[in-house]
There are 4 protein chains.
Amino acid sequence: MASEGVRRRGPKFRRRSEARPDEVLDAALALFVEKGFAATRVEDIAARAGVSKGTVYLYFPSKDAVLEGLVRRGILPIAESAIEKFGNLEGDPRIILASAIRMLGSRFSDPEVRAIPKVVLREVVSFPHLAEMYRREVLDHVIPVVVSLIERGIAEGYMRPVDPELTVRSIVGPLVLHVVLAEVFGVVPKGGVEIEKLIDNHLSILFDGLSADAVKAE
Amino acid sequence: MASEGVRRRGPKFRRRSEARPDEVLDAALALFVEKGFAATRVEDIAARAGVSKGTVYLYFPSKDAVLEGLVRRGILPIAESAIEKFGNLEGDPRIILASAIRMLGSRFSDPEVRAIPKVVLREVVSFPHLAEMYRREVLDHVIPVVVSLIERGIAEGYMRPVDPELTVRSIVGPLVLHVVLAEVFGVVPKGGVEIEKLIDNHLSILFDGLSADAVKAE
Amino acid sequence: MASEGVRRRGPKFRRRSEARPDEVLDAALALFVEKGFAATRVEDIAARAGVSKGTVYLYFPSKDAVLEGLVRRGILPIAESAIEKFGNLEGDPRIILASAIRMLGSRFSDPEVRAIPKVVLREVVSFPHLAEMYRREVLDHVIPVVVSLIERGIAEGYMRPVDPELTVRSIVGPLVLHVVLAEVFGVVPKGGVEIEKLIDNHLSILFDGLSADAVKAE
Amino acid sequence: MASEGVRRRGPKFRRRSEARPDEVLDAALALFVEKGFAATRVEDIAARAGVSKGTVYLYFPSKDAVLEGLVRRGILPIAESAIEKFGNLEGDPRIILASAIRMLGSRFSDPEVRAIPKVVLREVVSFPHLAEMYRREVLDHVIPVVVSLIERGIAEGYMRPVDPELTVRSIVGPLVLHVVLAEVFGVVPKGGVEIEKLIDNHLSILFDGLSADAVKAE
DNA sequence: CATGAATGAGAATTCATTCAT
DNA sequence: GATGAATGAATTCTCATTCAT
């Protein structure tokens, strides 16, 4: 525009790739996160994806289907990646757990990653099967891995005999709340939102407890 | 138009008027929790409240205002109750904390109590001021109380020197996640959802840590 | 209000007179002129009249009836007053006409007097019988008086042989347009809206014509 | 809600799209004249234009905008046509004036032409900016032309020294009143509504006055 | 394949009118 | 007589979906 009349060589006429449906999903995700499903018009999605309304319907039979496709696409990589990574490691499970938590934290720092659970959380009332899908595809895979890690920790004497399933809540809950407080309510600690500090503090309490050693000795 | 046709409308039955707004809010809360704000029609609210559509508008200028009124009404009692109860107690802050957590747990067991935060959480994208209101009226009052309890715990040697603000997440997070998993995703531990077990497990870890004593001694 | 605590003696507790319906009509007229019939709510009328909505319906069976009553009330005095005044005078009819025009002008200066025709003009599409009523009760009485005045003027040699009925338009039209331009479109002559100047100019043209005498002699 | 029930809607028939807004405006104008703005439903407009409700909103953001578009469209051609035609002619301004009045009369005979000012006149209370627009675009262009014509007439000795601005009312007022009486109140002279007769009578009085020559000589 | 004009069910909101108190 | 809470028909406006081009 600025250099009118001058044409640079190169792939100037890159034809839109075959990634159309993905572009639609990207646009939809951004909008659903920003305004919610109900307040997002199909036309908005189309505009943001750079296509026409009709094109959205070319790839998705309905607006609902866009949401569903979105969640489906966002779910797949998860069950695969993290689980295999931490599922079969040997050694002190607390090290593994800490490492996993740190990874979870860093992934949660990416708004793109938070997007899907956020949308699911919001729209679950209107689309119960989304939650079910999310649970089936993500939670049902991830939680057992953590549970068995704890079980091994207890069995091998690294951990006290806690309830493994309930302990999962103690492990992940603080992270979730931290993000919710910051994102939804704007509650930010004096030190800032950087999740690393939270995780340090969390791990310290998680493993060693809040009580002072002196008191603990009592 | 005006001169043609005769309109014949009016009240069918009358009732007291004092509790009317509250009845509307009750109906709205139930429906917002059940179906979400967007999917709830004003007529639904009216029907559930046993009044007509027009009556809803007699007390609330818009559907949005119903939601706002709902949150406002649900928020008021909170800041008052819990805080005074635990804000000024003396003695081991861990005892107080444990007691407060148990109280919070029992209150969270009541779906009526969970209703407001649930709705706020869901509709916050469309109504950011609701979140701000909730933060201002609830969180900004409750969190400092917990923070200062922890500060005192540290100062008086009951607790290790943790970051008090971040520790709030470690204290409440597990409860929140427990409820979210159960309610939203239907993830229920083998032992059931009763929150008491969760709290026992949580408190044990919170105060004494996950690590086995033997390992801790290392 | 300013002299709180001090009560002046006198008819302090004047009970509302039996003029209720008139107060309602006054309120309605003011509002209909200001916002139009459709945009005026019965509640507005009631509020302005200092009564409740129900009371309006105590005196008028419907909102339409208020408008009708308004026009009816405003019409009655007209047919009586002006007509008898100018209908039977003797002498140069031009003097009488000029005098009548000046009176009409001064009456038109009063917004209260303009109010009824203004409302009728506006609402005539929705309430054709109002226009008919106005014509029957006002125009059909007033126009013939003017017509016969002109007829006498022609017969007695005061006026040229014009069409009396059409000439009524030439007599009153300029006044009407002057008011419409000023009120509706805000078109005001440099000299201001005072109707006296307009009437002077109008009468001069009406009786003596626009053409210069020299040209007329041609 | 969204996930339950299948909605199956869409176009039934297609037509060219260029003239669509004009068709809507035509329909709206007819209905606004016939029943008034308030009593005309958007659906009526759509039906009369042979399109669906939604199509009206495709071209106009609101019902108000239809009215505004209507007036805007109706106003444009006016300022152009008549003015250039009579603004620069030389010779006896009375001839020009008479010619202009006759043209105005013949245009006013067309109900289509009367339609816009009629609607503006009626709805001006609810939409003051319409009147302003009409004044700015029509009256502020037309009136000065007439005024300067009169000024020239006076300067060149064709007319008596009247107030040009006020005289505009004397020139146009009779026509306006004639139309209002006929259209609004059904007051029709014995000879019928044909405006030619009125104009003949009007011009005769306008230029030569109502007074008989004998009397004038006095 | 893409487009976007057209459709029309649906939902929020208004307000004239009624009638128990 | 007065009141004003309650009603619900009517209307504007939105937007998911279709389909001729």
Side-chain angles (χ1 to χ4, degrees), chain A residues 16 20 38-46 51-66, chain B residues 1-2 5-18 20 38-46 50-64 66, chain C residues 16 20 38-47 51-66, chain D residues 1-2 5-18 20 38-46 50-66:
Chain A
R16 202 156 290 278
R20 269 306 152 68
T40 298
R41 286 152 40 208
V42 173
E43 190 150 18
D44 297 338
I45 300 173
V51 299
S52 77
K53 228 182 332 173
T55 303
V56 173
Y57 281 90
L58 218 53
Y59 297 111
F60 301 92
S62 72
K63 190 185 169 190
D64 290 13
V66 175
Chain B
M1 166 209 63
V6 183
R7 300 188 224 138
R8 211 150 285 274
R9 278 167 269 150
K12 282 297 152 50
F13 51 91
R14 185 68 40 83
R15 265 165 63 195
R16 74 206 166 293
S17 77
E18 341 122 23
R20 204 43 64 76
T40 299
R41 292 174 309 139
V42 172
E43 192 151 16
D44 297 337
I45 300 173
V51 298
S52 76
K53 229 179 337 166
T55 301
V56 173
Y57 283 93
L58 202 58
Y59 296 108
F60 300 92
S62 69
K63 191 184 166 189
D64 289 13
V66 174
Chain C
R16 201 155 293 274
R20 270 302 154 68
T40 298
R41 285 153 40 210
V42 173
E43 189 150 19
D44 296 337
I45 300 173
V51 300
S52 78
K53 228 181 333 174
T55 302
V56 173
Y57 281 89
L58 218 53
Y59 297 112
F60 301 92
S62 71
K63 189 184 170 191
D64 290 13
V66 174
Chain D
M1 166 207 64
V6 181
R7 300 185 224 140
R8 212 150 285 270
R9 278 167 269 152
K12 283 297 152 50
F13 52 91
R14 186 69 40 81
R15 266 165 62 196
R16 74 206 168 293
S17 78
E18 344 123 22
R20 205 42 63 75
T40 299
R41 293 174 307 139
V42 172
E43 192 151 17
D44 297 338
I45 300 173
V51 298
S52 77
K53 226 182 340 165
T55 301
V56 173
Y57 283 94
L58 201 58
Y59 296 108
F60 300 93
S62 69
K63 190 183 166 191
D64 289 12
V66 175

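Quick caveat: nothing in here was measured; it's all calculated off a predicted structure.
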Just to verify, what does [X] make a side chain to side chain contact (heavy atoms under 4.5 Å, CB included) with, not counting sequence neighbours?
X	answer
B:Phe60	B:Pro21, B:Val24, B:Leu25, B:Ala65, B:Val66
A:Ala38	B:Ala38
C:Ala39	C:Lys35

Could you tell me the separation between the [atom1] atom of [X] and the [atom2] atom of [N], rounded to a whole number of Å?
X	N	atom1	atom2	value
D:Leu58	F:dT18	CG	C1'	14 Å
A:Tyr59	F:dT17	OH	C1'	18 Å
B:Arg20	F:dT7	CZ	C1'	12 Å
C:Phe60	F:dA2	CZ	C1'	16 Å
C:Glu43	F:dA6	CD	P	14 Å

Would you say a side-chain N or O of B:Thr55 is under 4.0 Å from OP1 or OP2 of F:dA6?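 No, no such contact exists.
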Got a donor-acceptor pair under 3.5 Å from the side chain of B:Lys63 to the base of E:dT13? no
Do the side chain of D:Lys53 and the base of F:dT12 come within less than 3.5 angstrom through a donor-acceptor pair of N or O atoms? no
Mapping D:Pro61 and A:Ser62 to their closest nucleotides on DNA chain F, which lands nearer the 5' end?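 Nearest-nucleotide comparison on DNA chain F picks D:Pro61.
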Return the 5'-most residue of the pair D:Thr40, C:Ser52 with respect to DNA chain F, ranking by each residue's nearest nucleotide. C:Ser52
Which nucleotide wins on minimum distance to the side chain of [X], given the candidates [options]?
X	options	answer
A:Arg41	E:dT7, F:dA2, F:dC15	F:dC15
C:Val42	E:dA16, F:dT12, E:dA2	E:dA16
A:Tyr57	F:dC15, F:dT17, E:dT3	F:dT17

What are the two closest heavy atoms between B:Arg20 and B:Val51, and how far apart are they? CD-CG1, 3.5 Å
Nearest 0.5 Å, please: how far is NZ in B:Lys53 from CG in B:Asp44?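 Output value for this atom pair is 11.0 Å.
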Nearest nucleotide by nearest heavy atom, which residue falls closer to the 5' end of DNA chain E, A:Gly54 or C:Ala38?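 The answer here is A:Gly54.
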So what is the 5' to 3' dot-bracket string for DNA chain F, if pairs are Watson-Crick or G-U wobble with both distances under 3.5 Å, crossing pairs use [ ] and | means the partner sits on another strand? .||||||||||||||||||||
Once side-chain hydrogen bond (donor to acceptor under 3.5 Å, both in side chains) is applied, do any residues pair with D:Thr55, and if so which ones, sequence neighbours excluded?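 Counting only residues at least two positions away or on another chain, D:Thr55 forms a side-chain hydrogen bond (donor to acceptor under 3.5 Å, both in side chains) with D:Ser52.
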